[in-house]
Amino acid sequence: MDQADLIWMNGELVAWEDAKVHVLTHALHYGTGVFEGIRAYETERGTAIFRNREHVDRLFASASLYYMPVPYTQEQIRSAIHELIGRNGLPSCYIRPLIYRGAGVMGLNPLDAPVEVAIAAWSWGAYLGDDGKTRGVRAKVSSWRRISGESLIPHAKASGQYLNSVLAKIESHKAGYEEGILLDSQGNVCEGTGENLFLVREGKIFTPGETGGILNGINRRSVMQIAQDEGYELIERDIARAELYLAEEIFMTGTAAELTPIREIDDRPVGNGEPGPITKRLQSVFDDALHARDERYLAWNDIVPVAATP
């Protein structure tokens, strides 16, 4: 991680090394936090945060689902992100807003613990590597199942829920793969450890629907819009595990991973083992959207008003 100078904490900019919490912070013990992953890109129009408003909207929705009243407005958080990027001089960066229950009470009832907010930003390259974005990554189906909506809230981006993904990520890493794929409680394809999944078969694009326990990713929705604008037929439905091995192309979307092809699953090549034409086309248009190069999607780019210069 490339350290920046400042982190925003509860309305103030503090030095990176001073951004600390108490050891009895409730979220540290029980996972009572929600967060977002956002990226900003250096563009000809200035530093552009990709779909900042949508991310902040989802952050507040996640907090509401877990009974955390946020002591700031959405516009205050959006402005704080702008200020943080500008003050750190980051032309491009990854942004991590976090809302969490702080220290004050212990036990499983968190309602009297204070709700605190922090925002960090730092330079971060391709999550699965530049080579992974170009050639695709190797993945395996995890033995761990995706958490069910009967137990937690898959629609919320909650800190504690990511232990599910951590287990799958470690399992795939130790087995020699770059990524893991989780099935849902019914055995259908759900998502990667931190990405949504898309399959291509016979020229059509398929992706699991929201009822399958996925996080409805903002990049997922962006790529779905692009696919439809490009004239592809896109279908949301249950996907059987075997379809992973029959697919002609598979790719993942996420803020950290952006759009990354999968070239192999469970030691079986996807298609001919290289990113396919539909994947490459969508990746190209999506990259243009991220960098404010496509007029159709300029509304997705939230330009930082103060130029971020190193």
Side-chain angles (χ1 to χ4, degrees), residues 8 10 27 31-41 48-85 93-101 110 115-121 124 127 146-149 151-165 182 184 190-198 207-226 236 252-259 286 289-290 297 299-304:
W8 191 94
N10 296 319
T32 47
V34 298
F35 67 96
E36 277 297 315
I38 314 172
R39 278 195 187 268
Y41 295 87
I49 307 169
F50 188 68
R51 307 202 75 166
N52 192 25
R53 294 184 186 278
E54 290 88 343
H55 280 287
V56 173
D57 286 347
R58 188 174 66 180
L59 178 69
F60 275 67
S62 295
S64 177
L65 287 168
Y66 275 102
Y67 304 97
M68 287 190 287
V70 185
Y72 301 95
T73 66
Q74 294 187 36
E75 192 56 36
Q76 284 175 313
I77 296 301
R78 175 175 171 262
S79 296
I81 293 171
H82 284 180
E83 181 184 15
L84 182 68
I85 292 171
C93 60
Y94 180 87
I95 307 149
R96 172 54 57 87
L98 172 69
I99 299 171
Y100 61 98
R101 290 283 184 177
V115 176
E116 305 195 36
V117 184
I119 310 170
W124 197 12
Y127 177 59
R146 169 69 168 158
I147 53 173
S148 167
S151 301
L152 287 169
I153 310 174
H155 281 71
K157 197 171 177 68
S159 303
Q161 294 176 183
Y162 273 76
L163 280 173
N164 183 212
S165 291
L182 294 101
D184 66 18
C190 188
E191 59 185 24
T193 62
E195 308 89 9
N196 293 116
L197 288 170
F198 293 82
T207 190
E210 291 186 60
T211 58
I214 68 167
L215 177 70
N216 185 14
I218 291 166
N219 282 16
R220 171 185 184 265
R221 299 201 301 267
S222 302
V223 169
M224 290 172 69
Q225 181 64 56
I226 289 170
E236 294 182 83
M252 305 179 292
T253 62
T255 295
E258 297 171 332
L259 193 156
F286 184 52
L290 293 176
Y297 308 114
W300 291 350
N301 305 109
D302 185 12
I303 306 298
V304 177

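Every heavy atom of this structure was used, including side-chain atoms; hydrogens, water molecules and symmetry mates were not.
- I147 CD1 to N164 CG: the interatomic distance, rounded to the nearest 0.5 Å, is 5.5 Å.
- A salt bridge links R220 with E236: at least one charged nitrogen is closer than 4.0 Å to a carboxylate oxygen.
- The two residues L65 and A156 come nearest to each other via the heavy atoms CD1-CB, 4.0 Å.
- Here CD of Q76 is found 12.5 Å from CD1 of I81. Values are rounded to the nearest 0.5 Å.
- Remark: the backbone N or O of T32 is not paired with any side-chain donor or acceptor of S159 at under 3.5 angstrom.
- Nearest heavy atom pair, residue A27 against residue Y100, reads CB-CB, 3.8 Å.
- Nearest approach of I214 to C190, heavy atoms of both residues: CG2-O, 3.5 Å.
- Between L197 and T207, every side-chain heavy-atom pair lies at or beyond the 4.5 Å cut-off.
- Under the ring pair (Phe, Tyr, Trp, His ring centres under 6.0 Å) criterion, F50 pairs with F286, W300, not counting sequence neighbours.
- Within the 4.5 Å cutoff, the side chain of I77 has heavy atoms near those of the W8 side chain.
- The distance from the CD1 atom of I95 to the NE2 atom of H82 is 8.5 Å, given to the nearest 0.5 Å.
- A donor-acceptor pair under 3.5 Å links the side-chain atoms of S62 to the main chain of K157, judged by distance alone.
- Judged purely by atom type and a 3.5 angstrom limit, Q225 has no side-chain atom pairing as donor or acceptor with the backbone of S222.
- Inter-residue side-chain proximity for L259 and M252 is flagged as unmet; no heavy-atom pair is nearer than 4.5 Å.
- Residues T255 and H55 have side chains in contact (heavy-atom distance under 4.5 Å, counting atoms from C-beta outward).
- Checked by atom type and distance alone, the side chain of R146 pairs as donor or acceptor with a backbone atom of G213 at under 3.5 Å.
- The closest donor-acceptor contact from the side chain of N219 to the backbone of E258 lies at 3.5 Å or more, if one exists at all.
- C93 and I85 get closest at one heavy-atom pair: SG-CG1, 3.9 Å.
- In this structure, CD on E210 lies 4.0 Å from NE2 on H155, to the nearest 0.5 angstrom.
- Using a 4.5 Å heavy-atom threshold, the side chains of R51 and D302 count as separate.
- A donor-acceptor pair under 3.5 Å is formed between the side chain of Q161 and the backbone N or O of I153.
- Within the 4.5 Å cutoff, the side chain of V117 has no heavy atoms near those of the P97 side chain.
- The CG atom of N52 sits 5.0 Å away from atom CD1 of I38, with the distance rounded to the nearest 0.5 Å.
- The backbone N or O of L215 lies less than 3.5 Å from a partner atom in the side chain of N196, making a donor-acceptor pair.
- Using a 4.5 Å cut-off on side-chain heavy atoms (C-beta onward), Y72 and N10 make contact.
- Under the ring pair (Phe, Tyr, Trp, His ring centres under 6.0 Å) test applied with F35, the options Y66, Y94, Y162 reduce to a single match, Y162.
- The shortest side-chain heavy-atom distance between E83 and V304 does not fall under the 4.5 Å cut-off.
- Rounded to the nearest 0.5 angstrom, E54 CD and E36 CD are separated by 10.5 Å.
- Side-chain N or O atoms of R39 include one that pairs as donor or acceptor with a backbone N or O of A256 at under 3.5 Å.
- In this structure, S64 contributes its side chain and F60 its backbone to no donor-acceptor pair below 3.5 Å.
- Under the salt bridge (Lys or Arg N to Asp or Glu O under 4.0 Å) criterion, D184 pairs with no residue, sequence neighbours left out.
- In terms of heavy-atom proximity, P154 sits nearest to G149 at CD-CA, 3.6 Å.
- Panel note: side chain S165, backbone T193; a donor-acceptor pair is recorded below 3.5 Å.
- Heavy-atom minimum distance, E195 versus E191: O-CB, 3.2 Å.
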Evaluate I99 against L59 for side chain to side chain contact (heavy atoms under 4.5 Å, CB included), listing each step before the verdict. CA-CA 8 Å; I99 299 171; L59 178 69; 3.6 Å; yes
